[in-house]
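Working notes, structure below.
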Amino acid sequence: MKPGEAMVVVGGGQCGARAVQVLREGGWAGAITLIAEETELPYERPPLSKAVLLGERTPAQGAIHSEAFYREQGVDLRSGCQAKAIDRAAHTVTLANGETLAYGRLLIATGAQPRRMQVPGADLAGVHMLRNAGDALAMAAEFAPGRRIAVIGAGFIGLEVAASAVQRGCEVVVLEAAPRALMRAVPAEVAQCLVAHHRERGADVRLNVQVERFEGEGRVRAVVLADGSVVPCDAAVVGVGVAPRVALAQEAGLEIDNGIAVDPALRTSDADIYAAGDVCSFVHPLYGRRMRLECWRNAEDQARTAALNMLGQDETHSAVPWFWSDQYDMTIQIAGLPAFGTTTVVRETGAASKVFFALNGEGELVGASGVGQTGEIARDVRIAQALIERRARIDPACLADRATKLKALLAQQA
Ligand SMILES: Cc1cc2nc3c(=O)[nH]c(=O)nc-3n(C[C@H](O)[C@H](O)[C@H](O)COP(=O)(O)OP(=O)(O)OC[C@H]3O[C@@H](n4cnc5c(N)ncnc54)[C@H](O)[C@@H]3O)c2cc1C
């Protein structure tokens with residue numbers, strides 16, 4: 001990279017907004033431009049499915065930095081501005097308004113977008129998806145006591161939306177095609193525990209059901225299932241996963257493999273272009289396979305790694321994944337990748353709190369999922385994260401026994 005060249009970041013979400021901060025803190029004195037398609041100041045998405053739907057806060061209250069931050073840090077924030085093309089030979093990014101920006105190093109942090117359902121009626125008014133502030137406000141406006149809300153998909157977004165709708169007094173039906181909730185994310189025991197809680201709170205969670213179509217005259221009035229049954233609704237929410245936003249990278253000829261493929265330094269197949277956050281796929285050294293993570297902590301961590309490497313450092317991304325979700329009065333915290341486990345060991349950590357440890361075939365701890373009150377699970381999940389990092393093999397009886405301190409097990413691994 002030649003002196004005087006600019007750092008350009010495409011995508012003003014969690015990762016992009018954090019990356020520009022790390023670039024400045026890391027000593028970059030030259031130009032930084034953040035190209036952000038959304039018109040709001042970059043904001044945190046997790047509250048959208050929780051406090052925003054509950055009407056307790058606005059999306060703007062989740063701004064990652066104030067307007068003054070960008071001004072004072074000399075970050076040229078281009079809000080409402082979409083990057084349209086990357087010319088790798090010329091080292092330029094072309095914007096939707098026709099303007100061309102030169103870069104020395106470029107970070108692509110374009111995130112992901114909800115998958116659409118390919119069934120008749122999916123584009124009817126009243127069928128919602130949730131990714132941005134506008135989506136959350138439109139959905140929140142649908143929630144009122146007695147309104148019937150059909151949630152398609154019992155993944156984390158679907159279950160969080162369902163919990164918020166129930167708390168707003170709605171009658172909620174959750175429709176999931178798989179035989180259980182959270183199929184990709186957690187062991188069956190954790191999913192059962194969460195679904196039981198939803199049912200206790202009044203949500204009608206139906207598993208193994210296939211949505212065939214949405215019905216309504218201009219606006220959704222019912223969801224029709226493959227077995228012919230009809231679920232009447234006033235609004236529907238589709239939460240069936242997300243797809244990485246790779247079009248810009250793909251058209252620029254960068255390697256794509258379930259996201260923009262990056263090396264351990266988060267560099268793409270072009271040495272001057274990095275990718276991070278929900279949009280990138282990387283080989284995690286702990287698990288030895290390529291993966292893409294869709295969570296807040298990963299976006300934060302990867303923003304840091306990518307920005308430091310753009311400045312010439314040699315960081316590798318190896319953080320043990322960590323994720324949380326809030327549903328009703330419950331918190332779920334997950335360290336590692338529980339889905340890689342073959343055995344589950346349960347530890348009761350409080351009256352209504354449990355930590356589920358996932359062990360692989362070699363007896364190594366690969367994941368831990370805490371469900372319950374934050375104060376009763378957070379510590380164990382945090383220590384489990386360190387144990388996972390050390391590929392610890394722990395006697396399942398010790399994991400299950402609340403009297404055995406995980407910290408002591410960690411000390412034995414040192
Ligand atoms: C409703 C909701 C709730 C969530 N709750 C949790 C939670 O409880 N716990 C958790 O760990 N994670 C949660 N997440 C996930 C977490 O928010 C994401 O992992 C994180 O936002 C990813 O950050 P990112 O910067 O990679 O992508 P994003 O935050 O999606 O940002 C990408 C940005 O790039 C912009 N963009 C895309 N293409 C272009 C372009 N060509 N030009 C300019 N801009 C472009 C997009 O508009 C977007 O603003 C939640 C996500 C959602 C949607």
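Only a predicted model underlies this, so the values are computations on that prediction, with no experimental measurement involved. Read the numbers this way: they start at 1 and go in the same order the structure lists the ligands and their atoms. The basis for the numbers below is simple: all heavy atoms, side chains too, and nothing from hydrogens, waters or symmetry mates. Numbers for residues simply follow the sequence, beginning at 1.
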Asp326-Thr331 side chain donor-acceptor pair, cut-off 3.5 Å: yes

Shortest non-hydrogen contact from Ser369 toward Val190: CB-CG2, 3.9 Å

Any Glu44 heavy atom less than 4.0 Å from ligand 1: no

Donor-acceptor pair between Arg382 and Gln385 side chains, under 3.5 angstrom: no

Protein contact of atom 14 (N) of ligand 1 - nearest heavy atom, named by residue and atom, plus distance: Pro46 CG, 4.2 Å

Shortest non-hydrogen contact from Gly16 toward Val9: CA-CG1, 3.7 Å

Interatomic spacing from OH in Tyr274 to CE in Met7 - rounded to 0.5 Å: 8.5 Å

Closest heavy-atom pair and its distance - Ala384, Ala368: CB-CB, 3.6 Å

Aromatic plane relationship, Phe323 with Phe156 - under 30° parallel, 30 to 60° tilted, over 60° perpendicular: tilted

Pair His128-Glu142, side-chain donor/acceptor within less than 3.5 Å: yes

Top protein contact for atom 31 (O) of ligand 1, by heavy-atom distance: Gly13 CA, 3.2 Å

Gln14-ligand 1 polar pair, N/O distance under 3.5 Å: yes

For atom 39 (C) of ligand 1, the option (of Ile157, Val9, Thr110) bearing the nearest heavy atom: Thr110

Within reach of ligand 1, part of Cys81 (heavy-atom separation under 4.0 Å): backbone

Mode of Val10 contact toward ligand 1 - side chain, backbone, both, neither (heavy atoms, under 4.0 Å): side chain

Ligand 1 contacted by Ala247 (non-hydrogen, < 4.0 Å): no

Spacing of Gln73 atom CD and Gln21 atom CD [to the nearest 0.5 Å]: 8.0 Å

Arg292, CZ atom: more than 12 neighbouring heavy atoms under 6.0 Å: yes

Smallest separation among heavy atoms of Lys354 and Ile377, with atom names: O-CG2, 3.8 Å

Structural part of Ala299 in contact with ligand 1, heavy atom criterion under 4.0 angstrom: side chain

Distance from atom 41 (N) of ligand 1 to nearest protein heavy atom, with residue and atom: Ala83 O, 3.0 Å

Residue selection (non-hydrogen contact nearest atom 26 (O) of ligand 1) among Leu248, Asp278, Ile35: Asp278

Arg131, any N or O under 3.5 Å of ligand 1 N or O: yes

Residue and atom name of the nearest protein heavy atom (relative to atom 17 (O) of ligand 1), distance in Å to one decimal: Arg45 CB, 3.4 Å

Closest approach of any protein heavy atom to atom 3 (C) of ligand 1, naming residue and atom: Ser49 OG, 3.3 Å

Ligand 1 contacted by Gln302 (non-hydrogen, < 4.0 Å): no

Check: Gly277 N/O within less than 3.5 Å of ligand 1 N/O: no

Short side-chain donor-acceptor distance under 3.5 Å, Glu255 and Ser269: no

Taking atom 5 (N) of ligand 1 as the reference point, the nearest protein heavy atom with its distance: Lys50 NZ, 3.2 Å

Proximity to ligand 1 by part of Gln82, non-hydrogen separation under 4.0 Å: both

Contact partition for Lys84 relative to ligand 1, non-hydrogen atoms under 4.0 Å: neither

Contact partition for Trp324 relative to ligand 1, non-hydrogen atoms under 4.0 Å: both

